[in-house]
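The chains referred to below are lettered A, B, ... by the order of the sequence lines, with proteins before strands, and numbering in each begins at 1.
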Amino acid sequence: MKKGDHLFLVDGSGYIFRAYHALPPLNRKSDGLPTNAVLGFCNMVWKLMQDARNTDVGIVPTHFAVVFDYSSKTFRNELYADYKANRSAPPDDLIPQFGLIREATRAFNLPCIEMEGFEADDIIATYARLATEAEGDATIISSDKDLMQLVRPNVTMYDPMKDRQIGIPEVIEKWGVPPEKMIDLQAMMGDSVDNVPGVPGIGQKTAAQLLEQFGDLDTLLARAGEIKQEKRRQTIIENADKARVSRELVRLRDDVPLAEGLDELVLGNPDGPKLIGFLKAMEFSTLTRRVAEATGTDVAQVAPSSIAVDTTDVHGPDVGADGPPRRPATDGASATPAAAANTPAALAAVRARAAADAALDHSRYACIRHRAELEAWVAEAREAGVVSFRTETTSLEPMRAEPVGFALSLGPGRSAYVPVGHRSAAADLLGGGQVEGQITLDEALAALKPLLVDRSVLKVGHNLKYDWLMAHRLGVDVAPFDDTMLISYVLGAGTGRHDIAALAERWLGHPMIPFKDVVGSGRNLVTFDLVDIERATTYATEGADIALRLWSVLKPRLAAEGLVSVYERLERPLVPVLARMEERGVSVDRQMLSRLSGEFAQRAAALEEEVYAAAGERFTIGSPKQLGDILFGRMGLPGGTKTKSGQWSTTAQLLEELAAEGHELPRRIVDWRQLTKLKSTYTDALPEYINPETKRLHTSYALASTPTGRISSSEPNLQNIPIRTAEGRRIRTAFIAAPGNKLVSADYSQIELRVLAHIADIPQLTKAFADGVDIHAMTASEMFGVPVEGMPADVRRRAKAINFGIIYGISAFGLANQLSIERSEAGDYIKKYFERFPGIRDYMESRKQMARDKGYVETIFGRRIHYPEIKSSNPSVRAFNERASINAPIQGSAADIIRRAMIRMEDALASEKLSARMLLQVHDELIFEVAADEVAATLPVIKAVMEGSAMPAVALKVPLAVDARAADNWDEAH
DNA sequence: AGGTTGACATA
DNA sequence: GTATGTCAACCTT
């Protein structure tokens with residue numbers, strides 16, 4: 001290099017992030033590979049090279065290099081272990097682009113420079129020094145303030161995105177100091193992004209003013225006593241060491257042992273075909289065309305290059321250091337070292353490794369006690385773009401809970417707790433007392449709300465429905481969000497639990513603090529507001545930290561497994577829908593339940609006496625053990641069977657059979673059991689759940705508790721409200737609409753058999769459903785040759801049992817049990833059924849085979865249900881897994897269908913200006929509360945959404961049918 | 001006090 | 001034969 005030569009130094013790593021964030025997401029059409037940063041990079045480099053040939057611009061590079069960070073670990077970590085420690089991992093869809101951009105650089109025929117142990121900035125500093133010594137000029141293509149210390153008369157910076165030169169005057173204008181004082185300035189200011197400590201309380205303005213006054217940092221520290229402001233003087237003296245460490249962190253090294261000298265950076269002409277090959281492979285059509293024109297290349301003559309990114313080349317800023325995983329993933333799926341770096345699978349592997357390796361240090365968690373501190377965390381979270389969030393409350397039931405605190409996490413070890421509602425038990429006795437050192441709930445919300453509703457910040461949580469509902473009750477609609485519980489559920493339904501502790505153990509090898517250890521148990525149980533703040537901080541911040549780590553591990557696996565759309569379309573959108581349903585609750589008639597309770601109690605008491613009389617002694621009727629001993633032991637009734645634990649079985653079915661033979665006692669027992677069950681589980685228990693504020697019943701829905709995709713309901717369970725018996729139905733009549741409203745019940749007719757007809761593609765079934773005929777009668781007719789007209793009820797009943805049996809993964813044993821027939825007879829039925837419907841047998845075999853081959857079966861929408869024990873050597877375990885794998889696609893597809901309807905329902909109603917509110921879901925039924933005068937307009941909307949909910953994802957071969965009705969109570973509506 | 005079992009409510 | 005949740009009794013700690 002000689003005088004007059006000009007070196008361009010592109011800060012490749014810096015540019016990657018800027019391009020990524022500045023450009024909208026872009027994916028390669030053929031396979032979805034994310035490429036927005038690659039395109040931004042290519043456009044920028046191409047423009048620079050074109051400008052270089054356009055002498056009008058005045059700057060003509062003769063030398064050119066693109067410089068990258070090798071990894072996030074550099075010599076600075078030895079100076080200061082926490083350097084860049086709070087950097088969050090790059091976004092999922094950016095990571096594969098690191099390797100691609102290096103590849104792009106080579107395609108441009110440009111030197112691609114990186115050096116282990118040094119940052120790109122150090123390499124740039126070294127080249128800048130070399131250029132200066134050779135009396136040449138240098139332009140640094142970057143706008144990073146960390147590089148501004150390098151600006152000299154012959155070294156300028158250029159921001160390609162803003163098309164702006166940064167020379168000495170620009171640095172002074174922006175920072176108030178000349179470039180050579182930037183190091184001292186940054187040493188004092190610190191840098192929250194890189195975790196450079198600086199001097200607390202000294203910002204840019206103060207730092208610049210002090211440098212103006214004292215000249216440089218060493219002089220300032222030596223003469224700090226002269227500073228007039230007392231507080232400032234003190235902090236600077238106290239933090240002199242921090243300032244000195246910070247200076248070493250921000251000072252760029254200009255002595256990097258470079259492999260390539262300046263002469264190896266001479267800019268050559270672009271290799272048209274090579275570059276076009278790359279651009280074609282990336283599917284950048286516009287840029288391909290432009291490059292082709294400029295280089296005189298015939299696009300058609302160039303084949304897309306195969307992008308061969310070094311498969312082990314996963315290094316890059318913050319991706320994590322290379323090396324074998326400290327702990328192999330338990331399921332082996334992420335332990336695929338040969339996976340290409342630019343695939344989601346590789347990303348998942350890298351993430352799993354990094355998350356498991358990052359130490360979990362409870363002492364580093366922060367407790368936020370001042371509004372300003374919280375604001376700083378919020379600002380950092382908004383910068384980071386991803387934050388995990390959780391609420392701590394007084395109750396596991398979100399509708400009874402009061403907020404006690406909030407926890408945030410920005411990255412491993414970077415987690416903070418904001419106590420707002422901690423009380424002291426002692427003070428409570430004296431009239432209740434807030435613990436000192438907390439900001440108010442209102443203050444916390446004022447600071448947090450902008451973050452929680454910020455569309456550009458992803459909120460991560462575990463079982464976020466709970467936190468979403470808490471926030472909603474406080475007037476905050478959290479969005480956008482990810483839920484690690486649901487991600488895990490989509491990835492591994494059927495492979496164990498998805499609670500945060502199980503996942504932390506499984507993916508991070510970390511045993512979490514049990515909630516019980518924090519709040520105690522039994523008589524020592526306290527609500528979270530009475531937990532001391534220290535302990536609460538440790539617990540809550542750990543939860544937030546773990547959730548974010550799990551997110552970084554699990555989220556990329558969705559893409560790797562092709563399950564992103566299942567998560568995004570069937571799972572995540574249901575969170576606010578269910579939260580609102582829980583929040584609305586349902587109205588029940590407390591008096592009616594109370595009257596029923598009294599009535600059941602009287603009748604049960606009367607039966608009790610009759611039982612004692614018949615038995616000849618008093619005993620605990622509710623004890624199956626005592627009852628069995630009396631019935632089959634002392635009284636010697638026939639037909640007794642034993643349960644697996646060796647006790648007499650006293651099931652209702654068995655007692656019914658005895659009753660049919662004329663025995664009095666069993667009949668009374670059955671009746672007594674029914675009445676006491678209804679009383680204890682429903683008429684007594686339900687009123688206890690009525691919320692004193694809303695006067696309504698608020699259930700909790702679990703989204704990840706069934707392997708098939710069904711949701712479950714608990715506390716109270718509103719999915720098992722009685723319907724079969726007349727007595728039971730009286731409980732249903734207590735579920736009522738608010739004044740002026742009706743309850744609407746809309747249920748899918750025979751949805752599982754319809755799904756079966758579709759999946760197994762059974763002509764008779766699809767035709768029957770298309771024709772709207774009685775499906776059980778049709779089955780009976782096919783099997784037993786009996787005409788549908790005038791069919792005996794019992795024949796139809798048997799066919800119905802068989803149809804259900806099929807859905808449950810039929811066995812001769814089970815069918816025989818159900819129909820109280822011999823197992824051989826049941827076996828004959830099944831044989832006959834398969835002769836008539838051979839497609840069903842094929843369906844069953846194919847599901848079992850798929851479960852064996854892949855370990856899972858799937859619904860028509862692609863939800864997977866895993867059966868890891870399908871190959872068990874235990875025949876009954878194996879058979880159970882086989883039946884379940886037959887049932888799961890049917891039950892699961894039906895569950896997906898109603899999920900889709902629920903997700904669409906609220907918008908559909910709103911767009912028709914209807915005020916109907918969805919309250920409950922019972923697997924194939926939705927219950928709404930509808931203003932009486934809107935019922936007529938609402939019914940067809942509900943019906944249309946439900947009947948059309950498989951579309952457009954799946955065109956079913958059978959129609960879906962929905963019966964919808966309105967009434968004053970649930971019994972009449974159903 | 002906490003866990004297990006048998007029974008039974010639902011789809 | 002599938003999928004749940006809750007209760008009372010009973011056993012273990």
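- Under a 4.0 Å N-O distance rule, the pair R590(A)/E688(A) does not qualify as a salt bridge.
- Every side-chain contact (heavy atoms from CB on, under 4.5 Å) that Q674(A) has, sequence neighbours left out, goes to L678(A), T725(A), E727(A).
- Considering only side-chain atoms of K644(A), the nucleotide from dA9(B), dG6(B), dA11(B) that sits closest is dG6(B).
- One atom, CD of Q921(A), and another, C1' of dT4(C), lie 12 Å apart when rounded to the nearest Å.
- Residues N969(A) and T733(A) bring no donor and acceptor atom of their side chains to less than 3.5 Å of each other.
- At least one side-chain nitrogen or oxygen of Q626(A) sits closer than 4.0 Å to the OP1 or OP2 atom of dC10(C).
- Residue-level contact check: I807(A) touches neither bases nor backbone, having no heavy atom under 4.0 Å from any strand.
- Taking 4.0 Å as the cut-off between side-chain N and carboxylate O, E715(A) and R400(A) do not count as a salt-bridged pair.
- Rounded to whole Å, the distance from CD1 on I751(A) to P on dA11(B) is 14 Å.
- Inspection of the S745(A) and R732(A) side chains reveals no N or O donor paired with an N or O acceptor under 3.5 Å.
- Applying the ring-ring contact (aromatic ring centres under 6.0 Å, His included) test to pairs two or more places apart or on separate chains, none has a residue in residues 872-892 of chain A.
- Remark: R724(A) is not in phosphate contact with dA9(B), judged by side-chain N or O atoms under 4.0 Å from OP1 or OP2.
- Heavy atoms only, all atoms of each residue included: E661(A) and P638(A) are closest at OE1-CG, 4.2 Å.
- Contact annotation for F880(A): backbone-only contact, meaning every heavy-atom pair under 4.0 Å involves sugar-phosphate atoms and none involves a base.
- Using a cut-off of 4.0 Å between Lys/Arg side-chain N and Asp/Glu carboxylate O, R668(A) and D671(A) are scored as not salt-bridged.
- Regarding contacts with the backbone of dG6(B), a side-chain N or O of S645(A) is found under 4.0 angstrom from either OP1 or OP2.
- Listed by residue number, the members of residues 824-836 of chain A with any heavy atom below 4.0 angstrom from DNA chain B form an empty set.
- Side chain of P707(A), nearest nucleotide from dC11(C), dT4(C), dA11(B): dT4(C).
- Across all strands, I721(A) comes closer than 4.0 Å only to sugar-phosphate atoms, never to a base (heavy-atom distances).
- Nucleic acid contact class of G622(A) (heavy atoms, under 4.0 Å, all strands): sugar-phosphate only.
- Remark: P of dA11(B) and CD1 of I898(A) are 12 Å apart, rounded to the nearest angstrom.
- Put simply, S623(A) has a side-chain N or O that comes within less than 4.0 Å of OP1 or OP2 on dC10(C).
- Taking the side chain of S705(A) as heavy atoms from C-beta on, and the options dG5(C), dG2(B), dT2(C), the nearest nucleotide is dG5(C).
- Salt bridge annotation for K832(A)-E835(A): absent, with no cationic side-chain nitrogen under 4.0 angstrom from a carboxylate oxygen.
- Judged by atom type and distance alone, R710(A) reaches the base of dA11(B) through a side-chain donor-acceptor pair under 3.5 Å.
- Going from atom CG of D629(A) over to atom C1' of dA9(C) covers 14 Å, rounded to whole Å.
- As a whole-Å value, the separation of Y489(A) OH from dT4(C) P is 9 Å.
- A cation-pi contact links K642(A) to W648(A), judged by a cut-off of 6.0 Å to the six-membered ring centre and 45° from its axis.
- Remark: Y856(A) engages H866(A) in a ring-ring contact (aromatic ring centres under 6.0 Å, His included) (not counting sequence neighbours).
- Dashed line: the shortest gap from a side-chain N or O of T643(A) to OP1 or OP2 of dG6(B) is under 4.0 Å.
- Nearest-nucleotide mapping onto DNA chain C: of E715(A) and T708(A), the residue sitting toward the 5' end is T708(A).
- In this structure, E882(A) pairs ionically with R852(A), as a charged nitrogen and a carboxylate oxygen lie closer than 4.0 Å.
- For Q891(A), counting side-chain heavy atoms from C-beta on, the closest listed nucleotide (dA9(B), dA3(C), dG5(C)) is dA3(C).
- At whole-Å resolution of the value, CZ in F619(A) and P in dA8(C) are 18 Å apart.
- Ion pairing between E972(A) and R965(A) fails under the 4.0 Å rule for side-chain N and carboxylate O.
- At a threshold of 4.0 angstrom between heavy atoms, the contacts of I723(A) are confined to the sugar-phosphate backbone, with no base atom among them.
- Contacts of A702(A) with the nucleic acid, taken as non-hydrogen atoms under 4.0 Å apart, are absent.
- The pair R710(A)-E752(A) meets the salt-bridge criterion, since a charged nitrogen lies less than 4.0 angstrom from a carboxylate oxygen.
- Within residues 671-690 of chain A, the residues approached by DNA chain B to less than 4.0 Å at the level of any non-hydrogen atom are R673(A), Q674(A), K677(A), Y682(A), in residue-number order.
- For the pair I669(A) CD1 and dC8(B) P, the interatomic distance rounds to 11 Å; values are reported in whole Å.
- Atom CD1 in I890(A) sits roughly 13 Å away from atom P in dT2(C) (whole-Å rounding).
- Nearest to the side-chain atoms of T651(A) among the listed nucleotides dA7(B), dT2(C), dT10(B) stands dA7(B).
- The base of dT4(C) lies outside donor-acceptor range of the side chain of Q719(A), with no N or O pair under 3.5 Å.
- Listed by residue number, the members of residues 964-972 of chain A with any heavy atom below 4.0 angstrom from DNA chain C form an empty set.
- Contact between the side-chain N/O atoms of S521(A) and the OP1/OP2 oxygens of dG2(B) is found at a separation under 4.0 Å.
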